[in-house]
Amino acid sequence: MNVVLPDNSKLELPEGSTGLDAARAIGPKLAEQAVLVRANGSVQDLRLPLRDGQQIRFLTTRDSADPDALYVLRHSSAHLLAEAVRRLYPGVKIAIGPPVENGFYYDFEFPEPVHEGDLAKIEEEVKREIAEGREWSREEISRDEARKRFEAEGEPYKVELVDTAEGDISLYTQGDFTDLCRGPHLQNAQPIKALKLTGLAGAYWRGDEKNTQLTRIYGTAFYSQADLDAYLERLEQARARDHRKLGVQLDLFHFDEHSPGSPFWHPKGMVIFNELEDLRRRENARRGYVEVKTPLIYDKTLWQTSGHWEKFRENMFLIPLGDEHIFAIKPMNCPGHMLLFGSDLRSYRDLPLRYAEAAPLHRNELAGALHGLTRVRHVTQDDAHIFCTREQITEELDGCIAYLRDLYALFGLEPRAEFSTRPDNKLGTDDEWDFSEGELQKALERHEIAYVVGAGEGSFYGPKIDLHVTDALGRSWQLGTIQLDRQMPQRFGLTYMGADNAEHPVFVIHRALLGSLERFIGILTEHYGGAFPYWLAPVQVRILPVGESHREAAQALAEQLAGVRVEVDESDETVGKRIRNAEVEKIPFAVVYGDKESDESLAIREHGGGQTTLSLADFRAKLATLSPWQAGAEPSLTS
RNA sequence: GCCGGAGUAGCUCAGCUGGCAGAGCACCUCUCUUGUAAAGAGGAUGCCGUGGGUUCGAGUCCCACCUCCGGCUCCA
């Protein structure tokens, strides 16, 4: 048979030759360094046979940054970890150990608790295995045989995996350790030049909290020590962008143990919060939304009607009033908006009706789930509910998606879209879900938005289009969401009078585009590394009078900059120190004002170090262009 | 909520085997009057997360709780 090499030459091989055979045919060095073969674009274990006509390319230890090459390295590292743990902890049961984004993990059930301090000794054992040399071999066996084998070894998790595995069962063995595994794996442990165990965590078997909690050991591995060092260095730098750290440094907000998960917004943080609120109000008004305000607390009966009492009660803060009544603080605005819509007879002429409200919501999140601004109990969404007819759904979804695109473009954020379908605890019939999911999916496709499907990730009342972004440390967070709902209006008996003088069911689109303002500001802080763009910056301009004699002129200059968030730094520090302070506080512009300056000539320093000289008039003109909202400019959001 | 780790000055952190609570930055005072990323001198700063226990004596050892951090689960 023939395979095609990257230079388009053909390599003649005996029938049934494996990737490794092909590498040997090319050269001994390649055979030694190869870690994977890419056959017609998909990666394959070197031990598996090639097929006639395949286009092949080898990945070697030199492809040290290739995701597939790292994946196989880390997958094999996970197996070494399991081998080491089994040797060090007799009686341990092994579960699963895949490679992940930045490393790998393996889940174990330990006979006794394991602590972080134990990692050093385990890591040492893994490194010993690498030094000793390990080679992987692959075999395929029948399901029954595999089952017997793992039963005999006392590995119940592996037995369960055999029972639920699809396709053929393959095993990989290194040293005296054999694992159920689809592969692929390295030939041997030599390419693993740097390995580090990074953490310990509890993790539920198969991700279900009803199952046993296993102990997960995380690690990472690279083809060189330099790559590992660079990775650790990147982590260190990412930590400096962490919004929780920057939030304190920049005096934006803080948390207090008397109200876990609820930020205290400081004056500077509130400037950013209010700018986003202004943006929300201005754009909503332009796009035909009306703003409303509905109560924060409601009697339990409302939540029973909406379905929250059944589906969301654990996440609500309850207020018992006497023996009879229980109130709950709202975790969402929708039920209130349903009551508002239902407070009057509605005609088809009233629709679509777009209610916007950014009320404080409270969700009693699990203590362990709280996370800075990105996971809070006090949530403020840029929320709205669009009440419309069935015929209006398409146009309204289009409007939401266009709005969403404009907003994210303004911040230079590039979120990933997820289409979340019916969950296990859904309300309503499959027919209704078919319709709603179809509408959302068609909207995504109309706008040619790439998305992944989050099967079962939808809300209990409807499917969602969600937008996800990644934080400084690589964690994914959901921001905006667009949800199509026919459950809730049905439950509240909401209808409108049509042109045919008959009542028709109302549809509701729930949408929050920035998501929660708290989370959005957290993500923005990391996105900008704390150096907010001019229009969001808490302090936009700081004037530094060189000496005492310049203070008066500096104050006069500040007054000339009416409408700009400007400060005069009259502290008794050297100019150098005050420049440094302005830089550390990431203020967009620092203006040094001394004997050489006048309204005709200002020394402007931009954050980061660039310096220019501008007249006051030119400076003001420049600032006006930096703000989409100030100086009476038309908003830059166009659609 | 679950597994693991941590809580010492406003911030970052040191404090050994139980024996008088520390440093740098920030803050305050004074001197200097400053020219684009840290002037100098002096000073104040603590419920050592909270509550209990062991001990002659606890920041240090033990128990419980709270909060935070890394994960899991859940979620905007």
Side-chain angles (χ1 to χ4, degrees), chain A residues 100 105 107 110 113-119 198-218 239 242 244-245 248-249 251 254-261 312 314-315 331-332 361 363-377 379-383 420 457 459 464 466-468 473 475-481 483 510 512-520 522-523 544-551 571-584 590-597 603-611:
Chain A
V100 287
Y105 67 78
D107 284 348
F110 282 95
V114 181
H115 304 277
E116 212 149 77
D118 301 321
L119 290 183
T198 51
L200 198 68
Y204 302 103
W205 168 237
R206 305 212 134 170
D208 189 335
E209 65 180 327
K210 288 192 264 312
N211 291 340
T212 323
Q213 185 159 42
L214 307 170
T215 302
R216 175 169 299 177
I217 297 179
Y218 281 94
R239 277 191 203 106
D242 190 321
R244 293 167 298 185
K245 198 176 166 83
V248 172
Q249 272 169 17
D251 196 21
H254 84 278
F255 288 90
D256 184 274
E257 62 183 82
H258 291 94
S259 188
F312 207 73
E314 294 73 39
N315 287 302
M332 298 178 191
L361 308 174
R363 300 181 180 178
N364 191 11
E365 304 290 350
L366 294 178
L370 300 178
H371 188 98
L373 289 180
T374 46
R375 191 67 184 276
V376 292
R377 286 188 173 141
V379 190
T380 314
Q381 287 177 323
D382 63 327
D383 203 6
S420 300
E457 302 283 312
S459 181
K464 314 190 286 181
D466 293 330
L467 295 167
H468 295 256
L473 290 165
R475 289 175 288 228
S476 181
W477 299 98
Q478 183 187 322
L479 296 178
T481 182
Q483 313 175 355
H510 306 241
L513 304 181
L514 303 178
S516 95
L517 296 183
E518 288 82 2
R519 179 176 287 179
F520 197 76
I523 292 294
L544 315 182
V546 172
E548 273 173 26
S549 60
H550 306 110
R551 287 183 183 173
S571 66
D572 201 15
E573 299 284 355
T574 60
V575 172
K577 181 58 181 290
R578 284 178 287 161
I579 290 281
R580 177 182 156 79
N581 287 341
E583 286 291 342
V584 168
V591 180
V592 175
Y593 201 98
D595 286 339
K596 295 183 234 162
E597 281 68 35
I604 315 287
R605 180 193 165 100
E606 289 189 39
H607 172 64
Q611 269 176 256

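The chains referred to below are lettered A, B, ... by the order of the sequence lines, with proteins before strands, and numbering in each begins at 1. For clarity, every value in this text was computed on a predicted model and none was experimentally measured.
Not a single donor-acceptor pair, N or O on each side, falls under 3.5 Å between the base of B/C75 and the side chain of A/Arg377. Checked by distance alone, A/Ser516 brings a side-chain donor or acceptor within 3.5 Å of a matching partner on the base of B/A76. Contact annotation: side chain of A/Glu583 to base of B/A37, donor-acceptor pair present below 3.5 Å.
For the pair A/Thr574 and B/A39, the criterion of a side-chain N or O lying under 4.0 Å from OP1 or OP2 is met. One finds a side-chain N or O of A/Arg244 lying less than 4.0 angstrom from the OP1 or OP2 phosphate oxygen of B/C69. Distances shown here put every side-chain N or O of A/His550 at or beyond 4.0 Å from the OP1 or OP2 atom of B/U33.
Separation of the C1' atoms belonging to B/C30 and B/A44 is 15 Å when rounded to the nearest angstrom. Only the P atoms considered, B/A37 is 33 Å distant from B/A9, to the nearest whole Å. When the C1' atom is used for both B/A76 and B/A39, the distance is 49 Å, rounded to whole Å. Spacing of P atoms, B/A6 relative to B/C62, comes out at 11 Å, to the nearest Å. B/G24 and B/A64 have their C1' atoms separated by 36 Å, given to the nearest Å. If you take atom P in B/G57 and the same atom in B/A21, they sit 16 Å apart, rounded to whole Å. Only the P atoms considered, B/G42 is 38 Å distant from B/G51, to the nearest whole Å. As rounded to the nearest Å, B/A23 and B/U8 have C1' atoms that lie 13 Å from one another.
Atom-to-atom, CG of A/Leu373 to P of B/C68 comes out at 13 Å; the value is rounded to the nearest Å. Rounded to an integer number of Å, the gap from A/Asp595 CG to B/G35 C1' is 10 Å. Taking atom CZ of residue A/Arg578 and atom C1' of nucleotide B/C32, one finds them 13 Å apart after rounding to whole Å.
Among residues two or more places apart in sequence or in another chain, the salt bridge (Lys or Arg N to Asp or Glu O under 4.0 Å) test is passed with A/Arg605 by A/Glu583. By the salt bridge (Lys or Arg N to Asp or Glu O under 4.0 Å) test, A/Arg551 pairs with no residue at all, sequence neighbours left out.
When heavy atoms are screened at a 4.0 angstrom cut-off, A/Gly576 is found touching the sugar-phosphate backbone but no base atom. Using a 4.0 Å heavy-atom cutoff across all strands shown, A/Glu606 reaches no nucleic acid atom at all. At a threshold of 4.0 angstrom between heavy atoms, the contacts of A/Val114 are confined to the sugar-phosphate backbone, with no base atom among them. Counting any heavy atom pair closer than 4.0 Å across all strands shown, A/Val592 reaches a base atom. Note on A/Ala603: a base of the nucleic acid sits closer than 4.0 angstrom, heavy atoms only.
With A/His550 contributing its side chain and A/Asp595 its backbone, the two residues share a donor-acceptor pair below 3.5 Å.
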Where each pair must be Watson-Crick or G-U wobble with both distances under 3.5 Å, what dot-bracket representation of RNA chain B is obtained, with crossing pairs in [ ] and other-strand partners as |? (((((((..((((.....[..)))).(((((.......))))).....(((((..]....))))))))))))....

Could you pull out the protein-nucleic contacts involving nucleotides 72-74 of chain B (nitrogen or oxygen on both sides, under 3.5 Å)?
| residue | atom | partner | partner atom | Å |
| --- | --- | --- | --- | --- |
| B/C72 | O4' | A/Gly202 | O | 3.1 |
| B/C72 | O2' | A/Tyr204 | N | 3.1 |
| B/C72 | N4 | A/Gly368 | O | 3.4 |
| B/U73 | O2' | A/Glu209 | OE2 | 3.1 |
| B/C74 | O2 | A/Arg375 | NH1 | 3.0 |
| B/C74 | O2 | A/Arg375 | NH2 | 2.4 |
| B/C74 | N3 | A/Arg375 | NH1 | 2.8 |

I'd like a list of close polar pairs between nucleotides 24-26 of chain B and the protein, N/O only, cut-off under 3.5 Å.
| residue | atom | partner | partner atom | Å |
| --- | --- | --- | --- | --- |
| B/A26 | OP1 | A/Lys577 | NZ | 2.6 |

Kindly give the atom pairs (protein nitrogen or oxygen, nucleotide nitrogen or oxygen) under 3.5 Å for nucleotides 5-11 of chain B.
| residue | atom | partner | partner atom | Å |
| --- | --- | --- | --- | --- |
| B/G5 | OP1 | A/His115 | ND1 | 3.2 |

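Residue A/Asp572 has its side chain nearest to B/U34 when only B/U34, B/G4, B/U36 are considered. With distances taken from any side-chain atom of A/Arg605 to the nucleotides B/G4, B/A37, B/G70, the minimum falls on B/A37. Here the nucleotide nearest the side chain of A/Glu548, chosen from B/U36, B/G35, B/U33, is B/U33. Taking only side-chain atoms of A/Leu473, from C-beta outward, the nucleotide of B/A76, B/G35, B/G70 with the closest atom is B/G70.
Remark: the A/Ser571 side chain and the A/Glu573 side chain contain no N/O donor-acceptor pair separated by less than 3.5 Å.
A 4.5 Å side-chain heavy-atom check between A/Arg377 and A/Arg363 finds every atom pair outside the cut-off.
Checked for salt-bridge contact, A/Asp242 and A/Arg244 meet the test: a charged N lies under 4.0 Å from a carboxylate O.
Here the closest heavy-atom approach between residue A/Leu514 and residue A/Asp382 is recorded as N-OD2, 2.9 Å.
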